[in-house]
Student: 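Before anything else, here's the structure in question.
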Amino acid sequence: MGKSAIVLAAGLGTRMKSKLHKVLHPVCGKPMILHILDTLAQLELDQVIVVVGQQRESVEEVIAGRAEVAVQVEQLGTGHAVQSALPLLRSDSDTTVVLYGDAPLIQAETIRQLMDERERNNAAVCVLTAEVANPTGLGRVLLDDAGFVDRVVEEKDASPAEKQIRLINTGIYSFRTADLVQAVGELKADNAQGEYYLTDTLAILRSRGADAVPVQVADAEEIASVNDRVQLAAVEAILRRRINETWMRSGVTLLDPEHTYIGVDVEIGPDTVVYPGTLLQGRVVIGAGCEIGPHTQLRNVRVGDGARIVQSVIQDSDVGAGAQVGPFAHIRPGSAVGPEVKVGNFVELKNSQIGAGAKVSHLAYVGDAEIGERVNFSCGAITVNYDGESKYRTVIGDDSFIGCNVNLVAPVTVGEGAYLCAGSTITEDVPADGFAIARGRQVTKPEYVRAWRAKRATRTKGPQEEA
Ligand code: UD1
Ligand code: CA
């Protein structure tokens, strides 16, 4: 009782007009082909074969370790692609599911039903069909009087009457392996495109008296396929809505789900509110009771419970529980913002750790730094971490006060509880509880301005003309 799957992904997908292979285009952040492999992984199959061809290296790299690879050197049609996979089929394979790599939304349960139906009917093949409003470009399924599939006719080969048919071939099949092998061997390329159509196997099996059973998909959204970027956006919208509904049902508030973009590898805790214009990309894990957005982009970020992130961009970093970020903060890779920290407007962090309860409230740059707990890193203070060649670290102990517009010229270490005066350019280490001031002394000349004005008045005609 061996179960196999063959996924066709050899054609580049010219209608995408892309350098990237069609099946590698991401849908909600994950390449199409991986959506399909993840779905197949839920089915306890004995083998999964992906047929690659054009740009095979790039496809193989993405699917490495996830499937066996068959190569279709020349793309002579979907039937020909299956032929390329036959040598890899296990000898004990009795069922072979065939899918196309450009329909990423298919659900495991639907494939399972298709396989069950074939076994229940003891049919040669079960074809997943769908009734769609606009069948343009898709193969139409013609049924016989008994309701079996008579044949599938491609758009380019269809008569005007056949084009009216709205029952379409989804490109997902469950075959009895022996029948697939035999029928694929008999394919001919006598059609408008001169290709070996997999769909012709249905008529071949039929002509031999075997049954091809149509199974209509319950939810037509599942079988949406991508041939161009308009369809890519449509598929993305379907999956986005599904993901968003899942999170809303699990206790997350999305103020405007139409404008909230949550990737497939995201987790969000209950009672978190996500505002419009928020993109959660890659691996993002958000705790409970957070507020995220509006207009916020998080990529590979962990956010603790109760944190608040407003109008900010964060990448490859952690934000601790109860922290407040933004508006307009930019947290670059390698940063860890501790619990209850405040990172305010126009602050940039890069590869830096900010200890619990510290405040970096406005207009600061913190790069390659370790800032202790409860430190106040005041407005306009910056780390000078780069000398044009190398990067250097700044270390600031707990409870220190870094005044406004302080320049910390790294490498530099400031001890705990130190106090750096506003406007200082700190080039040397400051010990714990040390006080440092490093700026030119103020010179005040009380009479200077008045004298200057008086001198100027003698040179000009009068104060009216000055204005
Ligand atoms: C195909 C079906 C059509 C169905 C539609 C559903 C055929 C002949 N037609 O048409 O009935 O309604 O899908 O989306 O099967 N591929 C290869 N090697 C090839 C040709 C294609 O691997 O030589 C792969 C492609 O990379 C793609 C998939 O097969 O992933 C489908 O090919 P595509 O050209 O998109 O077929 P459609 O014209 O959409
Ligand atoms: Ca297609």
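As the structure is a computational prediction, the values presented were derived from the model and not from experiment. All ligand and atom numbering here is 1-based and tracks the order in the structure. This chain uses plain numbering: 1 for the first residue, then up along the sequence.
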Student: Looking at G269 and V252, what are the two nearest heavy atoms and their distance?
Tutor: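 Heavy atoms of G269 and V252 come nearest at O-CG2, 3.5 Å.
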Student: Could you tell me which atoms of ligand 1, counted from 1 in the order shown, lie closer than 4.0 angstrom to a heavy atom of L76?
Tutor: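 Listed by number with element: 23 (O).
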Student: Consider ligand 1: state whether an atom of it lies below 4.0 angstrom from any non-hydrogen atom of G53.
Tutor: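 So G53 does not count as touching ligand 1.
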Student: Go through ligand 1 atom by atom and flag the ones less than 4.0 Å from a non-hydrogen atom of S225.
Tutor: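 Per the distance check, 14 (O).
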Student: Which atoms of ligand 1 have any heavy atom of T199 under 4.0 Å away?
Tutor: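 Checking each atom against T199, I get 7 (C), 8 (C), 11 (O), 15 (O).
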Student: Mind checking whether I168 has a heavy atom under 4.0 Å from ligand 1?
Tutor: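 It does not, in that no heavy atom of I168 comes within the 4.0 Å cut-off of ligand 1.
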Student: Which of the atoms in ligand 1, numbered in the order shown and given with their element, are less than 4.0 Å from a heavy-atom of D102?
Tutor: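 Near D102, the atoms of ligand 1 are 30 (O), 35 (O).
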Student: Given A85, G77, A10, G11, identify the one with the heavy atom nearest to atom 19 (C) of ligand 1.
Tutor: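 That would be G77.
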Student: Quiz question for you: does at least one protein heavy atom lie closer than 4.0 Å to atom 15 (O) of ligand 1?
Tutor: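 Yes, at least one protein heavy atom sits under 4.0 Å from atom 15 (O) of ligand 1.
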Student: Under 4.0 Å from any heavy atom of E154, which atoms of ligand 1 are there?
Tutor: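 Listed by number with element, the hits are 2 (C), 3 (C), 7 (C), 8 (C), 9 (N), 10 (O), 11 (O).
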Student: When you measure from atom 23 (O) of ligand 1 to the protein, is at least one non-hydrogen atom found at a distance under 4.0 Å?
Tutor: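 Given the 4.0 Å limit, the answer for atom 23 (O) of ligand 1 is yes, a protein heavy atom qualifies.
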Student: Assess E74 for proximity to ligand 1: is some non-hydrogen atom of it under 4.0 Å away?
Tutor: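 No, that is not the case, since the closest heavy atom of the residue is not under 4.0 Å from the ligand.
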Student: Using a 4.0 Å cut-off to any heavy atom of A81, which atoms of ligand 1 qualify?
Tutor: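 Every atom of ligand 1 under 4.0 Å from some heavy atom of A81: 17 (C), 18 (N), 22 (O).
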Student: Please list, in number order, the atoms of ligand 1 under 4.0 Å from a heavy atom of K22.
Tutor: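 Per the distance check, 35 (O).
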Student: Can you sort out which atoms of ligand 1 are near T170, meaning under 4.0 Å from one of its heavy atoms?
Tutor: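 So the atoms of ligand 1 that pass are 6 (C).
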Student: Let me check your reading of the structure: within less than 3.0 Å of the Ca ion (ligand 2), is there an N/O/S atom from N227?
Tutor: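 Coordinating: yes.
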Student: To the nearest 0.5 Å, tell me how far L128 CG sits from I172 CD1.
Tutor: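 Spacing of CG (L128) from CD1 (I172) equals 5.0 Å.
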Student: Are any of the heavy atoms in V51 under 4.0 Å away from ligand 1?
Tutor: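 The answer is no: ligand 1 sits nowhere under 4.0 Å from a heavy atom of V51.
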Student: Minimum heavy-atom separation for D157 and E162, please, with both atom names.
Tutor: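 Smallest interatomic distance, heavy atoms only, reads O-OE1, 4.1 Å.
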Student: Under a heavy-atom criterion of less than 4.0 Å, does H80 contact ligand 1?
Tutor: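 No, H80 has no heavy atom closer than 4.0 Å to ligand 1.
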Student: The Ca ion (ligand 2) is nearest to which N, O or S atom of D102?
Tutor: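 Of the nitrogen, oxygen and sulfur atoms in D102, the Ca ion (ligand 2) lies nearest to OD2.
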